[in-house]
Enquirer: 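Next up is a structure, given as C-alpha cells.
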Amino acid sequence: PAGDSAALQDVFTKFQATLDLLKQEAAAAHANNQSTFDTLDTQLNTSGDASNAAFNAYGLTVCGAS
C-alpha cells in the first residue's frame, strides 16, 4: 500500500539479514566448523525472531495465507 515503503523496507532488511546468516551457517556446516556454526546459529535465532516480529508488526501473521 502507498505510504508503507519504509515499513516494508524494514521487513525486507531484517529478512535479508536472516537469509545472509543462514547462508553463512550452511557454509560453516559444510566446512565442518562447529564453533562458527554455533555462533551463527545463535545469531540466526535472534535475527529470525526479529524478522518474524517485523512481519507480524506489519500484519503478515500467517505464512501462505491468502
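Side chains included, hydrogens not; waters and symmetry mates left out as well; all remaining heavy atoms used.
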Enquirer: State, to 0.1 Å, how close A28 and F37 come at their nearest heavy-atom pair, and which atoms those are.
Expert: CB-N, 3.8 Å
Enquirer: If the condition is salt bridge (charged side-chain N to carboxylate O under 4.0 Å, His left out), which residues does D10 pass it with, not counting sequence neighbours?
Expert: K14
Enquirer: List for me each residue that meets side chain to side chain donor-acceptor pair (under 3.5 Å) alongside D41, sequence neighbours excluded, and say none if there are none.
Expert: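 Expected list: none.
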Enquirer: Side chain to side chain donor-acceptor pair (under 3.5 Å) with N45: which residues, sequence neighbours excluded?
Expert: none
Enquirer: Going by the rule side chain to side chain contact (heavy atoms under 4.5 Å, CB included), which residues pair with Q9 if we only count those two or more places apart in sequence or in a different chain?
Expert: T13
Enquirer: Considering non-hydrogen atoms only, spot the tightest contact between S47 and A17 and give its length.
Expert: OG-C, 3.8 Å
Enquirer: Do L21 and F12 belong to the same hydrophobic cluster, where Ile, Leu, Val, Met, Phe, Trp and Tyr are linked whenever their side-chain heavy atoms lie under 4.5 Å apart, directly or via other members?
Expert: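 Result: no, two separate clusters.
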Enquirer: Write out all pairs satisfying side-chain hydrogen bond (donor to acceptor under 3.5 Å, both in side chains) with one or both partners inside residues 19-31, taking only residues at least two apart or from two chains.
Expert: Q16-D20
Enquirer: Taking a hydrophobic cluster as the set of Ile, Leu, Val, Met, Phe, Trp and Tyr residues connected by side-chain heavy atoms closer than 4.5 Å, whether directly or through intermediates, do L19 and V11 fall within one such cluster?
Expert: yes
Enquirer: Donor-acceptor pairs under 3.5 angstrom involving side-chain atoms of residues 50-63: please list them, not counting sequence neighbours.
Expert:
from	atom 1	to	atom 2	distance (Å)
N56	ND2	N52	O	3.4
Y58	OH	D4	OD2	2.7

Enquirer: Sequence neighbours left out, what passes side chain to side chain contact (heavy atoms under 4.5 Å, CB included) with T42? Give chain and number order.
Expert: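 Not a single residue meets the side chain to side chain contact (heavy atoms under 4.5 Å, CB included) criterion with T42.
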Enquirer: I'd like to check the side chain to side chain donor-acceptor pair (under 3.5 Å) partners of T46; sequence neighbours left out, ordered by chain and number.
Expert: none
